[in-house]
Asks: 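This structure is in structure tokens; I'll ask about it shortly.
Just follow the structure's listing: the first ligand is 1, and inside any ligand the first atom is 1. Atoms considered below: every heavy atom in the structure, side chains included; atoms not considered: hydrogens, waters and symmetry mates.
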Amino acid sequence: MQKPISLFFFFFFIPGQSFSCPQDQRKSLLEFKKLLTHNIKNHSTQIALGELKTWRPNSDCCKWKLVRCNAHSPFKEVSDLNLNGLVLSGSVSSTLLRPVLRISSLMRLDVSSNFIQGEIPGDGFVNLTRLISLDMSHNSFNGTIPPELFSLKTLQHLDLSMNFIGGTLSGDIKKLKNLEELILDGNLIGGEIPPEIGSLTELRKLSLKQNMLSGSIPLSISQLTKLETFDIQMNFMSFKIPDGIGSLVNLSTLSLSKNNLSGGIPSSIQNLTNLETLELENNSGFSGEIPTWMFRLQKLRKLRLGGNKLQWNKNGSVFPQFKFTHLSLRSCGLEGNIPDWLKNQTDLSFLDLSLNRLQGSLPKWLADLRFGTIILSDNRLSGSLPPSLFQSENLSILALSRNNFSGQIPETFGEASLMVLMLSENNFSGSVPKSIANIYGLLWLDLSKNKLSGEFPRFGQDSWLAVLDISSNEFSGDVPASFGLNTISLTMSRNNFSGEFPEEFKNLSSLKHLDLHDNNISGMFPSFISRLPPSLEVLSLRNNSLKGSITEDISNLTSLKVMDLSENNLDGTLPSNLGNLTGMIESPTSSSSVLYSAFSNKLPETESQDLEVNWKRIIQVISNRNFYLYTVLDLSKNKLRGEIPTSLGNLKTLKLLNLSYNDISGSIPQSFGGLDKLEILDVSYNNLSGKIPRTLSKLRELDVLDLSNNRLSGKIPESPQLDRLNDPNIYANNSRICGMQIQVSCSTTQTEQQPKEEEDEEEGKEATVPWEAVVIGCSCGFLTSVLLMYAVGHFRGSLPRRSPKNRGFKILRGLH
Ligand SMILES: *[C@@H]1O[C@H](CO)[C@@H](O)[C@H](O)[C@H]1NC(C)=O
Ligand SMILES: *[C@@H]1O[C@H](CO)[C@@H](O)[C@H](O)[C@H]1NC(C)=O
Ligand SMILES: *[C@@H]1O[C@H](CO)[C@@H](O)[C@H](O)[C@H]1NC(C)=O
Ligand SMILES: *[C@@H]1O[C@H](CO)[C@@H](O)[C@H](O)[C@H]1NC(C)=O
Ligand SMILES: *[C@@H]1O[C@H](CO)[C@@H](O)[C@H](O)[C@H]1NC(C)=O
Ligand SMILES: *[C@@H]1O[C@H](CO)[C@@H](O)[C@H](O)[C@H]1NC(C)=O
Ligand SMILES: *[C@@H]1O[C@H](CO)[C@@H](O)[C@H](O)[C@H]1NC(C)=O
Ligand SMILES: *[C@@H]1O[C@H](CO)[C@@H](O)[C@H](O)[C@H]1NC(C)=O
Ligand SMILES: *[C@@H]1O[C@H](CO)[C@@H](O)[C@H](O)[C@H]1NC(C)=O
Ligand SMILES: *[C@@H]1O[C@H](CO)[C@@H](O)[C@H](O)[C@H]1NC(C)=O
Ligand SMILES: *[C@@H]1O[C@H](CO)[C@@H](O)[C@H](O)[C@H]1NC(C)=O
Ligand SMILES: *[C@@H]1O[C@H](CO)[C@@H](O)[C@H](O)[C@H]1NC(C)=O
């Protein structure tokens with residue numbers, strides 16, 4: 001029965017054979033498809049099958065989508081495979097590529113963005129002798145770059161960026177004689193750049209950006225005379241830039257930022273007359289004077305010299321003779337007034353002169369130059385701001401923090417097209433113009449640490465404002481709560497806001513961070529607390545005048561990681577389901593940190609939103625890069641009564657628990673032994689009685705303990721951690737506490753064994769993961785960079801004007 005059928009197929013297909021792709025190639029492709037679709041069984045892996053549907057057995061594979069055949073050769077053979085982005089999530093193994101690599105006629109292969117894991121199957125490449133272009137970027141390849149790749153003589157384009165490839169850059173590189181472009185960005189390639197690189201004389205673009213390369217720039221680099229782009233930024237390269245760099249006459253981009261290069265800047269660079277971009281930022285070893293010839297390079301448009309030890313030549317009357325678009329002279333020892341020669345820089349869109357010693361006022365001519373970004377933070381500038389500054393359509397980022405500016409914020413403020421405005425730590429006074437709410441597209445506003453007063457303006461719901469910091473001013477009136485739906489962070493602490501906690505906060509559905517400490521908020525604890533946005537992670541109302549009790553439904557705030565209600569007049573009992581605050585149970589995820597880590601370095605890192613908490617008895621600043629690591633519950637200095645709910649012991653990730661200065665009675669719950677990560681436990685000045693639970697001996701991270709001024713009794717449990725906490729003040733003013741820690745010996749009745757069940761409870765729950773060291777007091781960029789990335793990335797042009805439907809980060813991400 002079967003024979004006739006196969007015979008039938010045989011006859012049917014033989015005639016088409018010469019017009020169709022070779023059978024073995026079709027087989028290989030189908031095998032690839034099979035391996036790929038096999039992964040769908042894994043639910044976390046998603047595959048885009050749409051175009052692969054055309055890959056059917058018994059059809060001409062040259063007609064399949066994603067496949068192209070060589071039209072010119074007498075035999076149709078597969079030449080191009082564009083397999084990028086087939087895997088949408090999850091991961092697939094690199095062995096998947098093997099069938100594809102058997103197609104030796106391939107000229108162009110793109111397998112980028114496919115979540116491919118594992119090492120590059122190097123041996124598979126030996127027969128791909130016609131390969132011109134290979135793109136394996138945006139995967140998760142690991143291991144080293146296989147030497148087989150270096151023998152692909154015909155290769156002109158190789159992209160391995162955004163993987164986890166490690167190892168060293170091999171000397172085999174010299175085999176890539178005809179390579180025109182070598183891009184190895186964003187891998188973890190280590191080792192040195194081999195001198196053999198000099199034999200790649202065809203290279204036009206060499207990018208080794210963001211790897212782990214060290215050693216020196218090889219002298220042989222001077223042989224790459226066709227080079228147009230040399231980019232090794234973000235590595236660990238050391239020593240001097242070789243003089244020979246001056247022979248690369250066609251070089252237009254030289255990017256050496258963020259390395260460990262030292263010495264002076266070779267004067268041979270002045271021979272690079274085609275240079276358009278010169279980036280030498282953040283090489284702590286560069287020193288000496290900024291050479292004046294740099295300003296004579298005709299085509300130079302982008303110059304970045306910040307973060308070095310290079311010094312501005314004070315005596316020379318140096319000024320650029322050509323027009324820049326980008327100029328960064330951050331921390332270059334500039335002194336005196338803002339230099340006059342900037343007047344002629346009419347094409348400039350980015351200017352960073354932060355961290356210098358500039359003084360005098362911000363001249364009107366500068367305001368009128370229509371720059372896109374002006375960063376003058378950390379100087380000694382003074383006087384008031386010229387009103388025309390805000391009338392520029394072009395200005396999208398203005399950072400003037402930490403200067404001595406004074407006077408009012410001009411009324412023209414509302415006319416600005418700003419996205420980011422940083423005026424922190426100056427002496428601005430008076431009220432903030434109401435028109436500020438008209439600045440459509442304002443994403444980030446930092447007015448903190450000034451002397452601003454009056455009411456803070458109301459923003460409309462369609463405002464884009466995501467981050468606001470107006471802390472440490474003299475604002476008064478009702479707590480501002482009228483903001484746009486994109487609001488993520490509101491820091492309004494240390495002002496004179498009064499009235500009740502506004503119900504409008506309910507509407508801010510993206511709110512994560514609400515800091516209102518040190519104000520005069522009064523009235524009852526908000527009854528609508530559970531209807532605050534579930535995104536809320538930080539709520540600080542410390543030192544206000546709230547009354548009433550904390551309601552049970554607070555546990556609906558499932559993202560809450562920091563709750564500071566200390567120093568109010570709260571009474572009533574502690575809600576029994578405090579222990580249901582999921583945000584304080586789950587281990588810190590990097591979800592918020594993804595946001596933080598997306599911050600690039602466009603602005604000085606000192607620009608940030610920080611949180612102050614009472615940490616180990618001192619008000620300390622948690623850098624908001626680290627917010628997500630902190631879980632804090634501070635209810636101290638209120639009038640809370642009743643017992644400590646057992647459920648509190650559920651809050652496994654809590655680092656600080658402060659219930660001191662209340663009227664809490666009953667005993668310390670056994671369940672506290674479950675507070676694995678607890679570093680600070682303060683229950684002093686309450687009415688607690690009974691024994692100190694043995695389970696406290698499980699708290700391995702405990703560093704500050706205060707049980708004083710209660711009615712506790714019995715023996716202090718022993719454990720390596722508790723034995724260290726031997727300051728008698730920890731236990732002072734209690735009934736009868738004894739223990740070797742405070743050198744009070746226990747009578748026989750006190751040493752008697754506690755019930756067995758207590759001892760065995762929560763066995764095996766001991767903290768084993770040491771808490772990541774956190775930097776306290778370091779202020780690092782928070783939302784900053786996210787916003788700035790977009791802002792500085794010139795996306796302004798593509799920002800839709802007046803389009804209330806588009807909001808916040810979703811769009812921003814898309815644009816990125
Ligand atoms: C499914 O994929 C996940 C991650 O992509 C991986 O950790 C897991 O091992 C895979 N499961 C199977 C059965 O392949
Ligand atoms: C390369 O070609 C040779 C000869 O056709 C063959 O034996 C070998 O298996 C091929 N290697 C790969 C990896 O396809
Ligand atoms: C590469 O990743 C695979 C799993 O994805 C792992 O088994 C292998 O050990 C890794 N190889 C290297 C060199 O890290
Ligand atoms: C530099 O570029 C020009 C124009 O592309 C070309 O004619 C010239 O040969 C190049 N110089 C070198 C040394 O490659
Ligand atoms: C930086 O370069 C110097 C030599 O200029 C070297 O001694 C030092 O180890 C390098 N540092 C790093 C982190 O590579
Ligand atoms: C610049 O090039 C000229 C020849 O083109 C050479 O004589 C001179 O020494 C070079 N200058 C530097 C500083 O390398
Ligand atoms: C540059 O280096 C300085 C310190 O030298 C550092 O504060 C700054 O964050 C660095 N900037 C970048 C963009 O790496
Ligand atoms: C600047 O002046 C100092 C001393 O006054 C001198 O040593 C230095 O050479 C001068 N620099 C230039 C470029 O003239
Ligand atoms: C500015 O440009 C004008 C002519 O365009 C020139 O005369 C003047 O010297 C320049 N001034 C500065 C400070 O560069
Ligand atoms: C300012 O913006 C206008 C129009 O948006 C543009 O034509 C001009 O080039 C910009 N000026 C600068 C200095 O970027
Ligand atoms: C709190 O959450 C629960 C379940 O998630 C819900 O049923 C309840 O309505 C919420 N309470 C309030 C007051 O929003
Ligand atoms: C709190 O969690 C417990 C279980 O841990 C659950 O039974 C209870 O319903 C939760 N309460 C609320 C208000 O979600």
Asks: Can you check whether a protein heavy atom sits less than 4.0 angstrom from atom 5 (O) of ligand 4?
Replies: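 Under 4.0 Å from atom 5 (O) of ligand 4, zero protein heavy atoms found.
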Asks: Is the shortest distance from a Lys or Arg side-chain nitrogen in Arg98 or Glu31 to a carboxylate oxygen in the other one below 4.0 Å?
Replies: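 Salt bridge between Arg98 and Glu31, a charged N being under 4.0 Å from a carboxylate O: no.
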Asks: List every atom of ligand 3 that sits less than 4.0 Å from any heavy atom of Gln117, numbering the atoms from 1 in the order shown and giving each element.
Replies: 5 (O)
Asks: Please could you name the atoms of ligand 5 that Ser238 approaches to less than 4.0 Å, counting only its heavy atoms?
Replies: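 That gives atoms 1 (C), 2 (O), 10 (C), 14 (O) of ligand 5.
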Asks: Check whether any heavy atom of Ser214 sits under 4.0 Å from an atom of ligand 5.
Replies: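 Contact absent.
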Asks: What residue and atom, counting heavy atoms only, is the protein's closest point to atom 11 (N) of ligand 5, and at what distance?
Replies: Asn260 ND2, 2.7 Å
Asks: Atom 14 (O) of ligand 4: which protein heavy atom is closest, and how many Å away?
Replies: Lys226 CG, 3.4 Å
Asks: Whether Glu335 and Arg357 form a salt bridge (side-chain N of Lys/Arg under 4.0 Å from carboxylate O of Asp/Glu) is what I want to check.
Replies: yes
Asks: If you look at every heavy atom in Glu586 and Thr653, which pair is closest and at what distance?
Replies: O-CG2, 3.3 Å
Asks: Salt-bridge test for Asp676 and Lys652: reply yes if a basic N is under 4.0 Å from a carboxylate O, no otherwise.
Replies: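 No, this pair does not count.
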Asks: Please determine, by modelled atom types, if Gln25 and Ser105 share a side-chain donor-acceptor pair under 3.5 angstrom.
Replies: yes
Asks: Any protein heavy atom at under 4.0 Å, with atom 9 (O) of ligand 4 as the reference point?
Replies: no
Asks: Suppose we measure from atom 12 (C) of ligand 3 to each protein heavy atom; which comes out shortest, and what is that distance?
Replies: Asn142 ND2, 3.4 Å
Asks: Near Ser262, which atoms of ligand 5 are under 4.0 Å from a heavy atom of that residue?
Replies: 5 (O)
Asks: In the structure I gave you, are the side-chain heavy atoms of Phe239 and Ile217 within less than 4.5 Å of one another anywhere?
Replies: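 A side-chain contact under 4.5 Å is absent here.
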Asks: So, is Asn250 polar-close to ligand 4, with some N/O to N/O distance under 3.5 Å?
Replies: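 Yes; the residue has a nitrogen or oxygen that sits under 3.5 Å from a nitrogen or oxygen of the ligand.
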Asks: State, yes or no, whether a side-chain contact exists between Phe141 and Ile116 at a heavy-atom distance under 4.5 Å.
Replies: yes
Asks: Centre of Phe350's six-membered ring, under 6.0 Å away, within 45 degrees of the axis: is that where NZ or CZ of Arg304 sits?
Replies: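 Judged by the rule (NZ or CZ under 6.0 Å from the ring centre, within 45° of its axis), Arg304 counts as positioned above Phe350.
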Asks: Can you tell me the protein heavy atom closest to atom 13 (C) of ligand 3 and the distance?
Replies: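 The closest heavy atom on the protein side is Glu119 OE2, 3.3 Å.
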